[in-house]
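What follows is a single structure, written as structure tokens, with notes after it.
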Amino acid sequence: MSIDDSFGDITYYPKTNSWNESTDCCSWEGVSCDKATGQVIGLDLSCSLLVGSLPPNTTLFHLQGLKWLNLAHNNFNDSSIPFGLSQLISLKDLNLSFSSFSGLIPSDISFLTKLTSLDLSKNDQSFDSHRFEKLTRNLSELENLFLDSVNMSDVVPTSFKNLSSSLKQLSLSGCQLQGEFPSEIIQLPYLEYLDLSSNSVTGYLPNSNWSSEIRLLDLSFTDFRGSIPASLANLTKITSLLLYASNFEGQIPDVFGNLNGLITLHFFGCNFSGQIPPSIFNLTQLTYLELSSNRLEGPLPTHVTGLQNLNEFHSTDNLLTGPIPSWPFTLPSLEYLDLSNNGLTGPINHIQKPNSIRHVYLPNNDIHGEIPSSFFGLVKLTELDLSSNNLSGVIKSDILSKLESLEILDLSSNNFIGVNKFDVLSKLTNLTVVNLSNNKLLSLGSDNGVNSAFQKLTILSLSSCNLRQFPSFLRSAKSLRSLDLSHNKIQGPIFKTETEGWGLLSTLDLSHNLLTSLEQFPGKNLDTLDLHSNLLQGPLLVPSPTVREFLISENKLTGEIPPSVCNLTSLRILDLSNNYLEGIIPPCVGNFSHEIYIINLQRNNFHGKIPDFVDGRYGIFTTLALNGNQLEGLLPRSLVNCSSLAFLNLANNRFNDHFPHWLGVLPNLQVLILRSNRFRGSLDNFTDTSFFSRLQVIDLSGNEFTGSLPPKFFRSLSALEIANYDHPPTHQSCATLIYPRHCQWSAVDEYKNFVEVTMKRLEIDLDLDKSLTGFTFVDFSNNRFNGQIPEVLGELRALLVLNLSHNSLTGPLPPSLASIAALESLDLSSNKLSGRIPSELTKLTFLAVMNLSQNNFVGPIPVGNQFNTFDNDSYSGNLDLCGFPLSKKCGNNEEPKSPTSMVVEGEGSTIPFIWKLVMMGYSCGVVLGLSTGYIVFTTGRPWWFIRMVERDWQRNFTRWIHKIGRKRN
């Protein structure tokens, strides 16, 4: 053993340095002796900077009179606890926690039968089932057992039943326990402390016979379930009750009247419902109350008699309603209030005696009315967030200036009106964050004389505030790190003098303005630069190499991409789309795939070939959009290096290649758009049915493909076989998203991909949100495919849109298409299909658009369900068809018969009506929105579509909303 005296914490020091062999060992620091016999009975060397390992023959094990041994908080270099501890036959208290022991815990600890306290927590150790069961049976006098972070994945929870009935404290946090934990432990008569947090154990709280001695119960991050029993009222000595992030449910019983000693109540992230029990508001010792992320509802009480010691109150992400009462702002000890993301309404009540609260968060509610003047009597406020409500009226700057301690102010997304002057705000000298965005009737007045204000301001958001010029005080806001002036009316050039105070900026958003040019980009520390949707002209100006997100799309930039773009080696997003840029794509862009998420160069005038892409070091390159250019040649085979690529859009170029079947090895590819190029040849060389297994959108339309439709190709599209709309993914890794929304706040959060889709003479831009859950699409139209439609298409049951029009397909229509239960649009027009239209297709009860025109179908048109809604246009050019809606009547022997078994549209189905104009953010996981502003009619008169919308849209959409409502209720 040695001493490591380099540790900087003064609570750690080498106790053994004071030991002197010439003196009585009983006088040594950390050593305790029996006063009568002089025998060493206690050794406390905790925090003694010991380094090394304990050998099995250590003289320590010769101290057979030792009753307590504490070696906690030392460094035993991941060595094992040595065998030999069983020689300490008198030992009652053993503490080896936080000492860097590792390996299996030796079995001879179970021979220390006099132990009353054992602490082995926070080491890299493990128990096997046999050794732990032996320990629980032998240590019959054990009162305290601490095993936090010990790997007990092999231990069966029922073995805890063997523990002594004298047990007082049991701590098993983070032990990787699994299975059902016996409720008998909670019923042990002397139990005071039970911590099972961060394990995968299940179980229930007992309905009776709780230990009345319990002071702490922590079941957080477990799978305990069921409801809280009324017998909780018997825990009159409890001080901490922690059930957060577990699987409890039901109403919280109103049983807190006798729990007068309760200090901490933490119910975050359970499934509790109903109202908050009134007795909680009578607790007098409570300092921390956390009820967030449940389904609690109803109003908060108008008055409370308790909570005099409450320091923090959190109840976010619930269903609370009613007005904001005044009592939280009068409690003498409350410093932190968070009621965000509820349904609170009504005005904020008048505050009689403002308290010393420091943090107030009330965003994302429905609070209306004006902010009462009494609210500004909360002079100790440092953080105030009232964003995303319906607050109105004038922000009274002179009253606001009373909040002299204010550091964070967020009043964004309300309905404030009037003029707010910067010179008044500047008096709040401690402000670091100001967000007044999205108050469309609010304007920002003169800031004359404000030259040295906002010295501490680091984040300023004034989006949608009717600004027409840059506020002059920005030149002196030397600490500014993030500036959002988007969605304003700032116009003209940006001169160098206007950006002089922006030297430390890391995030700058000037998008959606009327800017025409920049002299230079501000600062040398920019991380995010968003200038999209302006009127910027001239050549592309490249920002500093620190930039990771560069968005300058939808401008009027011209010229080539300058070579200096190759210096942007830290890029995560590059978006130069919708400009007039030309020339070749620099080869260095292919090197960006090391660290980049998104490359969007669509809708420019680039020519030449796609550069080669290097191996994606971090596997995060998800999106490549090059559509709408003049790119040509072969696709680079190096695209297979981009293993996380999920979105590839190469439409509307001049590529001349065969079908890139080799892209099928990309395990995350979900969208493949090759429309309107010169791809040629057949798909018959497709052999591996494991390729393209995650593909949800494939568009090969407008090319020169030939041959038959290979069944093997469609069998490989396993992502289209099973629809799951009720449970969209909520926790995806950044690499599997179309764009990594949850990785970090940034311009990525607002980034979207656009895919043009042709659906029977209608061209629409589909706005694909963060994942593609629920949207599926196959378009092989306008090629030279021949042969029959393969039966295997019927296995793509999750397919929403199928377009095989304008080919040379022959033969009958396979009845198996009726199995595509989700199908909403079917276009088989302009082929050479023949035979009768299968009556089974009437089972497609979500089919809103169908086009079978310009084929050779014969016989009666089926009737029933959606077929009763289609017009003549759906069947034109089929001269031998008869029946509704055509004027040609069928003969007596040809009259169509209704199917004997009709499917009631919408009933019992989990497939939502996905085409919609609203509900883009609906909570049930809908991810597809139609951007109708991009509708372009390409051929003919689309009156068929207009009539279809007028007749069917409201009926289908209403039915779907009612269905979702029934599920939610």
Side-chain angles (χ1 to χ4, degrees), residues 610 632-640 645 648-651 653-721 758 776-799 801-817 819-820 826-835 855-856:
I610 301 177
E632 57 192 7
L634 305 178
L635 299 188
R637 270 47 176 178
S638 58
L639 282 171
V640 297
L645 195 64
L648 179 60
N649 191 347
L650 303 176
N653 280 286
R654 299 175 180 175
F655 295 113
N656 191 337
D657 202 348
H658 290 86
F659 177 73
H661 59 88
W662 40 271
L663 286 174
V665 301
L666 296 176
N668 296 298
L669 191 63
Q670 300 175 52
V671 177
L672 177 61
I673 311 293
L674 303 179
R675 183 184 64 253
S676 299
N677 280 283
R678 297 172 184 170
F679 288 98
R680 64 191 188 280
S682 69
L683 305 184
D684 291 337
N685 59 354
F686 187 88
T687 57
D688 195 332
T689 56
S690 66
F691 279 16
F692 298 112
S693 60
R694 294 193 63 188
L695 207 60
Q696 296 174 228
V697 174
I698 179 168
D699 187 348
L700 306 184
S701 64
N703 282 286
E704 300 171 9
F705 289 113
T706 57
S708 61
L709 299 175
K712 285 185 178 180
F713 178 82
F714 295 106
R715 286 194 184 97
S716 70
L717 304 179
S718 54
L720 299 181
E721 293 178 359
T758 302
T776 52
F777 180 89
V778 171
D779 189 347
F780 283 15
S781 65
N782 290 282
N783 280 286
R784 302 176 192 171
F785 290 114
N786 55 44
Q788 297 189 5
I789 298 175
E791 292 273 352
V792 72
L793 271 174
E795 297 178 10
L796 307 183
R797 295 177 178 85
L799 190 61
V801 179
L802 175 62
N803 189 348
L804 302 178
S805 66
H806 294 86
N807 282 288
S808 298
L809 300 174
T810 59
L813 197 57
S816 63
L817 294 182
S819 299
I820 311 178
L826 175 64
D827 192 345
L828 303 176
S829 62
S830 298
N831 280 286
K832 300 176 182 178
L833 299 169
S834 58
N855 278 287
N856 299 315

Under 3.5 Å donor-acceptor, Ser816 side chain and Glu791 backbone: yes
OG1 on Thr810 to NZ on Lys832, rounded to 0.5 Å: 8.5 Å
Ring-ring centroid check Phe780 Phe785, cutoff 6.0 Å: yes
Heavy-atom donor-acceptor pair, Thr776 side chain to Ala798 backbone, under 3.5 Å: yes
Inter-residue atom distance Leu813.CG - Gln788.CD, 0.5 Å rounding: 10.5 Å
CG-OG distance between Leu650 and Ser676, expressed to the nearest 0.5 angstrom: 12.0 Å
Polar side-chain atom of Asp827 near backbone of Ser805 as donor-acceptor pair, under 3.5 Å: no
Minimum-distance pair of heavy atoms, taken over all atoms of Asn703 and Leu674: ND2-O, 2.9 Å
Side-chain (Asn855) to main-chain (Leu833) donor-acceptor, under 3.5 angstrom: yes
Shortest non-hydrogen contact between Arg797 and Glu721, atoms and distance: CB-O, 3.5 Å
Working for side-chain contact (heavy atoms from CB on, under 4.5 Å), residues Leu648 and Leu666: CA-CA 11 Å; Leu648 179 60; Leu666 296 176; 5.9 Å; no
Flag, side chain of Arg694 to backbone of Phe692, donor-acceptor distance under 3.5 Å: no
Where Ile610 and Leu635 come nearest, the two heavy atoms and their spacing: CD1-CD2, 4.2 Å
Polar side-chain atom of Asn653 near backbone of Asn677 as donor-acceptor pair, under 3.5 Å: no
Side chain Asp684, main chain Gly707, donor-acceptor under 3.5 Å: no
Spacing of CG belonging to Leu645 relative to CD belonging to Gln670, to within rounding of 0.5 Å: 10.0 Å
Gap separating the OG atom of Ser718 from the CG atom of Leu796, nearest 0.5 angstrom: 10.0 Å
Closest heavy-atom pair and its distance - Phe777, Leu799: N-CD1, 3.8 Å
Check: Arg680 and Asn656 side chains under 4.5 Å, non-hydrogen atoms: yes
Candidate pair Leu828 and Ile789, rule side-chain contact (heavy atoms from CB on, under 4.5 Å), full reasoning: CA-CA 10 Å; Leu828 303 176; Ile789 298 175; 4.2 Å; yes
Exam field: side chain Asn786 to backbone Ser808, donor-acceptor pair closer than 3.5 Å: no
Nearest heavy-atom neighbours spanning Ser819 and Gly794: CB-O, 3.3 Å
Phe705 and Phe679 aromatic ring geometry - parallel, tilted or perpendicular at 30°/60° bounds: parallel
Side-chain heavy atoms of Pro660 within contact of Arg637, under 4.5 Å: no
Atom of Asn807, atom of Asn783 and distance for their closest heavy-atom approach: OD1-C, 2.9 Å
Residue from Leu793, Leu720, Val801 passing side-chain contact (heavy atoms from CB on, under 4.5 Å) with Val778: Leu720
